[in-house]
Amino acid sequence: MLDLKFVRENIELISEKTQLRGANIDLNSFKELDNERRTLIRRVEDLRAQKNRLSEEFGKKKKQGILSDKDIEENRLLINKINEEIKEIDERLKLIEENHKLQLLSIPNIPHSSVPVGKSSEENLEIRRWGEIRDFKFQPKPHWELGELLDIIDFERAVKLTGARFSILKGWGSKLERALINFMLDLHTQKHHYEEMLPPFIVNKDSMTGTGQLPKFAEDLFKLEGYDYYLIPTAEVPVTNYFRDEILNEEMLPLYFTAYTPCFRAEAGSYGKDTKGIIRQHQFDKVELVKFVKPDNSYEELEKLTKDAEEVLQLLGLPYRVVSLCTGDLGFSSAKTYDIEVYLPSYNDFKEISSCSNFEDFQARRMNIKYRIKGSNKTEYVHTLNGSGLAVGRTLVAIIENYQNEDGTITVPEVLRTYLGGKDIITRNK
RNA sequence: GGAGAGAUGGCCGAGUUGGUCUAAGGCGCACGCCUGCUAAGCGUGUGUACCCCCUAAAGGGUACCGAGGGUUCAAAUCCCUCUCUCUCCGCCA
């Protein structure tokens, strides 16, 4: 959410910036609504002030016992009339406030000045590359074939259990997934000093609104029938909302958190995309990184957070590149985002495995997270950041595909072996 | 699931026979004073959102005592509904 006064005074700037994102926000209707809202507020507040004055005088006089029955009746009628008018305006105002808030919540964040201008992911800017793409001496297989050959991924029975876009990891597949989760959490907690958290996988509406999933993207979420609860699409939601409606002390900042959770996405509007394998599922595991920082160094923190995520791939020996998302590809709440893309032989291309964003105060304003500035008694919104560190399912895919051998077995990356009881090659179990 | 108690500012906590509540008091925090240093002490200040005014500063107003509704000229205070927390009992991994 942007600041109301800022929006009011910068209608032109905002429509220009949101157009760069490809979003078409009707700010003229917002402006009209805002004007009407203010007019009504002024009127109703005047009436209330008048009423309060009358009531107070009435109370004093009554105490002194200088009022006749007629005075009492007249006063009663007068205030009742004002009350009627207040009620009428209040009803209209309520509708307008709702709409006003909805519109304000629906305005996306303003891209940072360093974000490249562009329409789609094709205009994202490559920042750097790491690692060598392996020169296969044989035809590499995609992970969905290797997964079935090794009997570590079962697609068909997952359809029976649930439906399309679900899968079952089994045997060394599930062990590898678990090893990756532990490896990532250990790296981030021990080396990068994030605090580990295991949050609920179900959150309420206020949390979803706080991070920006609601009200605009309800169709991407799984909602629990009969409850105002949702399955989390990312750990970002519970972890960032951890401090909702709180005032932190400046000395507490920056705060780093990491959390493993499964993530649930309805993926509305992505039919036909990445249908093979486990690249795009309704449920997947992710280790998330979340930061609460002071506004003046949030962009440095974004660089650090991105490097923390990259280190996972470096230690696993997986080639990747980092791209800066262009204005048209930027997420709704983000001011700047780096995507980390890992190389996948089955795509013969780089595929997103992490998305690291600075939301500035956009989420903090929605969530009402501030910090008290030391030495001034004032408060200020924090900046929030997050990034995947990493998407575990896609990391599993990257390992299976990049570390495959000609005979269909998979070499386990060195750093994971201690997590797998020393296992160095994954072969088919009998 | 049953019974009871409760929800007040950054935190603790008073206030529930309706009317100077403009929410006491304490802690914390900020500024100043005092003081070899530190601690203690003294003084002053200290919520949020919105609206108006406005170059700005300052000022004025409205709302907010868990949420929503009701009674009343007037509600933190009375009534109803809901949510959450705590205690005890029951059930349960």
Side-chain angles (χ1 to χ4, degrees), chain A residues 1-10 30-105 198 200-210 224 226-230 238 241-253 255 292 361 364-382:
Chain A
M1 184 169 68
L2 299 172
D3 179 62
L4 174 60
K5 285 201 187 88
F6 177 79
V7 174
R8 196 179 283 152
E9 286 159 17
N10 297 279
F30 179 76
K31 203 173 173 180
E32 275 175 36
L33 195 69
D34 186 54
N35 282 333
E36 192 178 357
R37 172 175 171 271
R38 283 204 276 174
T39 308
L40 289 177
I41 286 175
R42 215 175 313 153
R43 268 178 59 196
V44 82
E45 286 188 353
D46 278 351
L47 287 170
R48 284 216 172 88
Q50 201 182 329
K51 169 190 154 177
N52 287 346
R53 267 197 308 275
L54 287 170
S55 253
E56 197 180 324
E57 280 171 31
F58 181 77
K60 276 181 191 159
K61 283 181 188 162
K62 200 176 174 191
K63 232 176 189 173
Q64 293 164 19
I66 57 174
L67 289 177
S68 67
D69 288 354
K70 197 180 151 216
D71 289 336
I72 292 172
E73 184 61 16
E74 267 174 12
N75 197 75
R76 212 173 57 77
L77 287 175
L78 182 62
I79 294 184
N80 277 342
K81 206 180 152 204
I82 294 172
N83 276 339
E84 263 173 50
E85 203 176 335
I86 289 175
K87 202 175 173 184
E88 207 175 288
I89 297 171
D90 260 348
E91 273 163 22
R92 268 178 65 200
L93 194 56
K94 200 177 164 186
L95 292 174
I96 285 165
E97 289 275 16
E98 257 170 49
N99 204 324
H100 187 262
K101 195 177 176 196
L102 186 71
Q103 287 201 29
L104 194 59
L105 285 173
L198 190 85
F201 305 159
I202 296 171
V203 297
N204 60 28
K205 195 181 190 170
D206 287 342
S207 297
M208 286 295 184
T209 306
L224 268 59
Y227 294 87
D228 219 6
Y229 290 164
Y230 300 80
N241 275 279
Y242 183 70
F243 289 115
R244 174 150 48 84
D245 289 319
E246 291 192 34
I247 298 171
L248 311 173
N249 287 322
E250 183 171 354
E251 306 92 86
M252 291 166 74
L253 301 175
L255 283 158
F292 301 86
D361 62 5
R365 189 172 288 110
R366 285 173 164 244
M367 284 182 289
N368 192 24
I369 304 178
K370 299 179 171 178
Y371 70 99
R372 199 173 292 282
I373 300 164
K374 199 171 165 56
S376 84
N377 226 352
K378 287 213 162 64
T379 60
E380 178 114 50
Y381 287 113
V382 300

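Chain A is the first sequence line, chain B the second, and so forth, proteins listed ahead of strands; every chain is numbered from 1. The analysis underlying the following values was restricted to heavy atoms, covering all of them including side chains, and did not include hydrogens, waters or symmetry mates. Please read all numbers here as calculations on a predicted model, not as lab measurements.
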Check the pair N204(A), S207(A) against side chain to side chain donor-acceptor pair (under 3.5 Å), reporting the backbone distance first and the verdict last. CA-CA 6 Å; N204(A) 60 28; S207(A) 297; 3.2 Å; yes

Decide salt bridge (Lys or Arg N to Asp or Glu O under 4.0 Å) for E73(A) and R76(A); before the verdict, give the C-alpha distance in whole Å, the side-chain angles of both, and the deciding distance to 0.1 Å. CA-CA 5 Å; E73(A) 184 61 16; R76(A) 212 173 57 77; 3.2 Å; yes

Between E56(A) and N52(A), is the side chain to side chain donor-acceptor pair (under 3.5 Å) condition met? List the steps. CA-CA 6 Å; E56(A) 197 180 324; N52(A) 287 346; over 6 Å; no

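Nucleotides A74(B) and A67(B), compared at atom C1', are 23 Å apart to the nearest Å. Atom P of U20(B) sits at a distance of 14 Å from the matching atom of A63(B), rounded to the whole Å. Nucleotides U44(B) and A49(B), compared at atom P, are 27 Å apart to the nearest Å. The separation of G4(B) from G60(B), taken at their C1' atoms, amounts to 48 Å, rounded to a whole angstrom. Straight-line distance between the P atoms of C78(B) and A39(B): roughly 46 Å, to the nearest whole Å. Atom name P, nucleotides U22(B) and A76(B): the rounded distance is 8 Å, in whole Å. Of the C1' atoms belonging to C11(B) and C65(B), the separation is 16 Å, rounded to the nearest Å. Across C31(B) and A23(B), the matching C1' atoms stand 25 Å from one another, rounded to whole Å.
Side chain of R37(A) to backbone of E97(A): no donor-acceptor contact under 3.5 angstrom is found. A donor-acceptor pair is defined here as one N or O able to donate and one able to accept, closer than 3.5 Å; such a pair exists between the side chain of R366(A) and the backbone of L105(A).
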Please list, pair by pair, any protein nitrogen or oxygen found under 3.5 Å from a nitrogen or oxygen in nucleotides 44-48 of chain B.
{"unit_1": "G45(B)", "atom_1": "N2", "unit_2": "N377(A)", "atom_2": "ND2", "d": "3.1"}

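Between the CG atom of L93(A) and the P atom of C51(B) there is a distance of 11 Å, rounded to whole Å. Rounded to whole Å, the distance from CG on D46(A) to C1' on A63(B) is 14 Å. What separates CG of L248(A) from C1' of C11(B) is a distance of 14 Å, to the nearest Å. Rounded to a whole Å, the CD atom of E45(A) is 15 Å from the P atom of A49(B). In this structure, K61(A) places its NZ atom 15 Å from C1' of A74(B), rounding to the nearest Å. Summarising the geometry, the separation between NZ on K94(A) and P on A63(B) is reported as 17 Å, rounded to the nearest angstrom. Taking atom CG of D245(A) as the reference point, atom P of G10(B) lies 11 Å away to the nearest angstrom. Atom CD of E251(A) and atom P of G28(B) are 15 Å apart (whole Å).
Comparing I79(A) and L4(A) by the nucleotide of RNA chain B that holds the closest heavy atom to each, the one mapping nearer the 5' end is L4(A). If you find the closest nucleotide of RNA chain B to L54(A) and to E97(A), the one lying nearer the 5' end belongs to E97(A).
Between K81(A) and L77(A), every side-chain heavy-atom pair lies at or beyond the 4.5 Å cut-off. Looking only at side-chain heavy atoms (C-beta outward), D34(A) and L4(A) come within less than 4.5 Å of each other. By the 4.5 Å heavy-atom criterion applied to side chains, Y227(A) and I202(A) are not counted as neighbours.
Which of C51(B), C84(B), A63(B) sits closest to the side chain of K5(A) comes down to C51(B). Of the candidate nucleotides C51(B), A74(B), G69(B), C51(B) has the atom nearest to the side chain of I41(A). Here the nucleotide nearest the side chain of K87(A), chosen from G61(B), G19(B), G70(B), is G70(B). Taking only side-chain atoms of N52(A), from C-beta outward, the nucleotide of C73(B), C50(B), A63(B) with the closest atom is A63(B). Nearest nucleotide to the R48(A) side chain, out of C52(B), A63(B), A74(B): A63(B). Side-chain atoms of A49(A) lie closest to U62(B) of the nucleotides C52(B), G19(B), U62(B).
Here D245(A) contributes atom CG and I369(A) contributes atom CD1; the two are 8.5 Å apart, rounded to the nearest 0.5 Å.
Within 4.0 Å of N249(A), counting heavy atoms only, lies no atom of the nucleic acid at all. Within 4.0 Å (heavy atoms only), R365(A) reaches no atom of the nucleic acid at all. At the heavy-atom level, R53(A) lies nowhere under 4.0 Å from the strands shown.
Counting only Watson-Crick and G-U wobble pairs whose two key distances fall under 3.5 Å, RNA chain B forms stems of three or more stacked pairs at B:1-7 with B:83-89, B:10-12 with B:25-27, B:28-33 with B:41-46, B:47-52 with B:59-64, B:66-70 with B:78-82.
Paired with E36(A) under the rule side-chain hydrogen bond (donor to acceptor under 3.5 Å, both in side chains), one option of K31(A), H100(A), R92(A) passes, and it is R92(A).
Remark: R38(A) is not in phosphate contact with C50(B), judged by side-chain N or O atoms under 4.0 Å from OP1 or OP2. Listed pair N83(A) / A74(B) meets the phosphate criterion, a side-chain N or O lying under 4.0 Å from OP1 or OP2.
No more than 12 heavy-atom neighbours from other residues, nucleotides or ligands sit within 6.0 angstrom of CZ on R43(A).
Residues forming a side chain to side chain donor-acceptor pair (under 3.5 Å) with R42(A) (at least two apart in sequence, or on another chain): none.
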